[in-house]
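Shown next, in structure tokens, is the structure this report addresses.
A, B, ... follow the sequence lines: proteins, then strands. Residue 1 opens every chain.
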There are 2 protein chains.
Amino acid sequence: MLPKKTRYAIKALMVLYPTFESKRPMRISDIAENEHIPKKFLEAILLDMRKIGIVNSKMGAQGGYYLSKHPNEIFLSQVIRFTGGPIALVPCVSLNFYEKCEECADETTCGFRDVMREVRDASLHILSNTSLADLIKRERNLENKKKSD
Amino acid sequence: MLPKKTRYAIKALMVLYPTFESKRPMRISDIAENEHIPKKFLEAILLDMRKIGIVNSKMGAQGGYYLSKHPNEIFLSQVIRFTGGPIALVPCVSLNFYEKCEECADETTCGFRDVMREVRDASLHILSNTSLADLIKRERNLENKKKSD
DNA sequence: ATAATTTCTATTATATTAGTAGACTATAAT
DNA sequence: ATTATAGTCTACTAATATAATAGAAATTAT
């Protein structure tokens, strides 16, 4: 399960989507209110997103947050890794958070690990090829489909 | 990440593999010691595995645990779900642990949910088609490959 | 009858996640 | 310049979930 932090982060980025073109910053408090995210928590999350160059901020009156990276190049894998940790189900197959298996005598011949690697590859394939722009596209598609029913 | 409980469970089942044919029970304390699993924790885990009919136990002297279901029909998905919870990354796409999304206005048009559904399907496809017997086969294969190097 | 082994109920410890508080800093508008 | 606005930073607290432990009770082989 992804932690709330990750889900809030993605939700917030989706809300910030229009700011990439408009360049008009959005206030944390507005996003927090509209999306039902605790404001202080969201502050911390956006600060993290800024650290990895996905968003930028402007202090003071008329300030706020805006996307600083093209929505085509903001990938779910990056957001998840930075806010929620590993995509893999076990540390011994994690690419970014690898830890040696405690109980395994020999990792290289562990059958379970082998399967876990497959699962990781399958998930990662999707997550590292889905961008923020894709999320928005999907949403539009689903909305249109719904209307036409 | 899968909790230790799940990893211990799978490890234990792999160790119990030969008991399906031999029908000779293995002691909890032996498994615990060999696999570096806290004994009391493993007791609880095996009790759970018994509840879902994967293993059976015999009390008293010469007692212990043995597989009661064919290794071809013990699937990772079942073990994970019973010991570690959802396979999905968000509750709103979980088949067995569904929860309504708190922040989403309309789940059916949520772009993120749509991707999460894809990830779940990809993971589930692997996990519900991989059996305990497959794990053992893989392990044998990896061991043989290694030897021939 | 005894020793071996699982079962059951309760409790404790540890780690992780989620959320809060408040002082500090930068900016725009006047 | 002053003021109101809005993000930044450091520290703390609360809630929840995971991991591990303790010990008495029940069952079975010898």
Please state how far atom CG in A:D48 lies from atom P in D:dT8, giving the value in whole angstrom units.
11 Å

Grab the CE-P distance between A:M49 and D:dT8 for me, whole Å please.
13 Å

Could you state the CE-C1' distance from A:M59 to C:dC24, rounded to the nearest angstrom?
8 Å

Can you check whether A:S57 has a side-chain N or O nearer than 4.0 Å to OP1 or OP2 of D:dA6?
no

Below 4.0 Å: OP1/OP2 of D:dT8 and any side-chain N or O of A:Y65
yes

Under 4.0 Å between a side-chain N or O of A:K58 and OP1 or OP2 of C:dA28?
yes

With a 4.5 Å limit on heavy-atom distance, are the side chains of B:P38 and B:Y8 in contact?
yes

Are OP1 or OP2 of C:dT7 and a side-chain N or O of B:R50 less than 4.0 angstrom apart?
yes

Among D:dA6, C:dA4, C:dA18, which is the nearest nucleotide to the side chain of A:K5?
C:dA18

Whole-Å gap separating P (D:dT27) and CD (B:Q62)
19 Å

Check the pair B:K146 / B:E143 against salt bridge (charged side-chain N to carboxylate O under 4.0 Å, His left out), numbers first and verdict last.
CA-CA 5 Å; B:K146 199 175 187 184; B:E143 279 162 1; over 6 Å; no

Roughly how many Å is it from CG in A:L42 to C1' in C:dA21, rounded to a whole number?
17 Å

In whole angstroms, the gap separating P of C:dT5 from CD1 of B:I28 amounts to 11 Å

Could you see if B:F75 belongs to whatever hydrophobic cluster contains A:F112? Use Ile, Leu, Val, Met, Phe, Trp, Tyr and a side-chain cutoff under 4.5 Å.
no

Kindly point out which of C:dA18, D:dC9, C:dT5 is positioned nearest to the side chain of A:F41?
C:dA18

Rounded to the Å, how far apart are A:R7 CZ and C:dG19 P?
10 Å

Gap between atoms CD and C1', on A:E43 and C:dC24 respectively (whole Å):
13 Å

With the side chain of B:P3 defined as its heavy atoms from C-beta on, choose the nearest nucleotide among D:dT18, D:dT21, C:dA21.
D:dT18

Are B:K23 and B:F20 in a cation-pi setup, meaning NZ or CZ lies under 6.0 angstrom from the ring centre and within 45 degrees of the ring axis?
yes

Is the phosphate of C:dA18 approached by A:Y8 (side-chain N or O, under 4.0 Å from OP1 or OP2)?
no

Given C:dA18, C:dT27, D:dA20, which nucleotide is nearest the side-chain atoms of A:K4?
C:dA18

